[in-house]
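This report refers to the structure that appears directly beneath it.
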Amino acid sequence: MSAAEGPLVVGVDTSTQSTKALVVDVATGEVVASGQAPHTVSSGAGRESDPLQWWDALREALHQCGDAAREAAAVSVAGQQHGLVTLDAQGAPVRPALLWNDVRSAPQAGRLVEELGGPKAWAERTGSVPGPSITVTKWAWLAEHEPESVRATASVRLPHDYLTGLLTGLGTTDRGDASGTGWWASGTEAYDEEVLGHVGLDPALLPRVVRPGEVVGTVRDSDDLPFAKGTLVAPGTGDNAAAALGLGLRPGTAVLSLGTSGTVYAVSTRRPADPTGTVAGFADARGDWLPLACTLNCTLAVDRVAALLGIDREAVEPGTSVTLLPYLDGERTPALPHASGLLHGLRHDTTRGQLLQAAYDGAVHSLLGALDLVLDEDADRSAPLLLIGGGARGKAWQETVRRLSGRAVQVPEAKELVALGAAAQAAGVLTGEDPAAVARRWNTARGPILDAGERDEAALARIAGVISDAAPLLEREADQR
Ligand SMILES: Nc1ncnc2c1ncn2[C@@H]1O[C@H](COP(=O)(O)OP(=O)(O)O)[C@@H](O)[C@H]1O
Ligand SMILES: O=C(CO)[C@@H](O)[C@H](O)COP(=O)(O)O
């Protein structure tokens, strides 16, 4: 038995690069055990992962938690948003999942926007103007390119639904993750039958959207899972909504998350509907909203530039007048799905460290451009930005965000805020508490604050100028990957 003060819960983050599991003491928030196992993502034209690999990674991560997982009274799974998981009648994947950062469905996204009333109508209807990340565009792409896969599909899931379903044997999702599909109407909080009809997706193939705080079920009897009989399963949610829970986020505080994706978001009590498409009007996992902007190129893109330069990711040097747009995967914010990376302003005396700094600047510029848009008008813009995700551990990331935002930056000591948010959700179904209040009780946002400095307006203007001047190049269909 562990020496925990309270009951134990398990929180899972199945994100793009890996699955992480934490066993957490409900009384104190102490992480008593943890595990992590990697995933692979395809390279080339698309971005796909085998859902069975997520399941193997989950079991491996739980296995690493040892006996502590066996003592858990509840579990919750949070996961990368938007991925299209197609299952056959036996519940086996029909094909690999199409991930959030797969931009092949850009043409389908453009067509769907036009066919169903334009950007404003979509924003008002679903909260978001669908770009290629949004699940409905992936289904449309599949219908066009692999009709046989669509015919073989007996159920459609998001990554977190898929794993929750394997735990419980039931088909469920939550409002947070459903709001990133493009087939969930944010006004009525129900599946949008007209959108579904338009793309030929039978609503019967979709999971039931459970209420925040609802017990989804219990873990099914299985030898390959380390849970005791009767372990409760919480709804789970998308990874960004889970991190919001994990921080105990209140309206008005902005979060910048630096992982495979870069995201900037805040909790809002007002339903968002941005017709420009920059802000996605997601629901959160409680009953509020989560206006969010997301980039496709964040830690992986900057690490790739460091590797190309042959230097450490921290080996940045100041004084750069080079602009590097690190759009290695195309980009979502700004909406340039066909773009590739672009370098401007190279001189004889430019150093490798300055080139690397330019990559950080390019990645952070995209996120900060959306910062004001995700905050309500009455938000306190002098409050520190919360910096989370794997990149938040890096000094170069911290300093770049501080310099380009001009704002104070708080870096929570807690490393796995998505998994902690899932754990808080699991605690919520156990005790009846609000998960965000659980996280506040755990003091998960605690961490050092880096002071605000002067905002580097010159760098921001230079980068914006290059994006604008290079528009024809960035918008052009790339010469295929
Ligand atoms: N100390 C560090 N400094 C900078 N970046 C880091 C550090 N540790 C991890 N990372 C970056 O964090 C990324 C993983 O972040 P994470 O939030 O776990 O991603 P995801 O949730 O998308 O799988 C890696 O791509 C890596 O580049
Ligand atoms: O698409 C989005 C948000 O809309 C991404 O934030 C994904 O949810 C992937 O998250 P990470 O794996 O980068 O955490």
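Note that the coordinates shown come from a computational prediction; the quantities given were computed from them, not determined experimentally. Both ligands and their constituent atoms are indexed starting at 1 by order of listing. Numbering of residues begins at 1 and proceeds along the displayed sequence.
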Walk me through it: do Lys138 and Glu48 pass the test salt bridge (Lys or Arg N to Asp or Glu O under 4.0 Å)?
CA-CA 11 Å; Lys138 300 181 186 301; Glu48 304 184 347; over 6 Å; no
- For Glu189 and Val209, what are the C-alpha separation, side-chain angles and deciding distance, and is it a side chain to side chain contact (heavy atoms under 4.5 Å, CB included)? CA-CA 9 Å; Glu189 302 214 8; Val209 185; over 6 Å; no
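The closest donor-acceptor contact from the side chain of Thr86 to the backbone of Val156 lies at 3.5 Å or more, if one exists at all.
Salt-bridge annotation for Glu399 and Arg402: present, with a side-chain N of the basic residue lying under 4.0 Å from a carboxylate O of the acidic one.
Aromatic ring pairs are classed by plane angle as parallel below 30°, tilted from 30° to 60° and perpendicular above 60°; the pair Tyr360 and Trp397 is perpendicular. Note on ring orientation: taking the six-membered ring where Trp is involved, the planes of His82 and Phe282 are tilted (angle from 30° to 60°).
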Donor-acceptor pairs under 3.5 Å, side chain of residues 283-292 to any protein atom, not counting sequence neighbours: which ones?
residue : atom : partner : partner atom : Å
Asp284  : OD1  : Arg175  : NH1          : 3.2
Asp284  : OD1  : Arg286  : N            : 2.9
Asp284  : OD1  : Gly287  : N            : 2.9
Asp284  : OD1  : Asp288  : N            : 2.8
Arg286  : NE   : Asp434  : OD1          : 3.0
Arg286  : NE   : Asp434  : OD2          : 3.3
Arg286  : NH1  : Asp288  : OD2          : 3.4
Arg286  : NH2  : Asp434  : OD2          : 2.8

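For ligand 1, the 4.0 Å heavy-atom shell takes in Ser15, Thr16, Gln17, Lys20, Gly259, Thr260, Thr299, Leu300, Asp303, Arg313, Gly389, Gly390, Gly391, Arg393, Gly394, Trp397, ordered by chain and residue number. Protein residues with a heavy atom closer than 4.0 Å to ligand 2 are Ser15, Thr16, Gln80, Gln81, His82, Trp100, Asp239, Asn240, Thr260, Ser261, Thr263, Phe282, Leu292, Cys294, Arg332, listed by chain and number.
Enclosure of atom CZ in Arg440 by more than 12 non-hydrogen atoms of other residues, nucleotides or ligands within 6.0 angstrom is indicated.
Judged as a ring-ring contact (aromatic ring centres under 6.0 Å, His included), not a single pair has a partner in residues 100-138 (not counting sequence neighbours).
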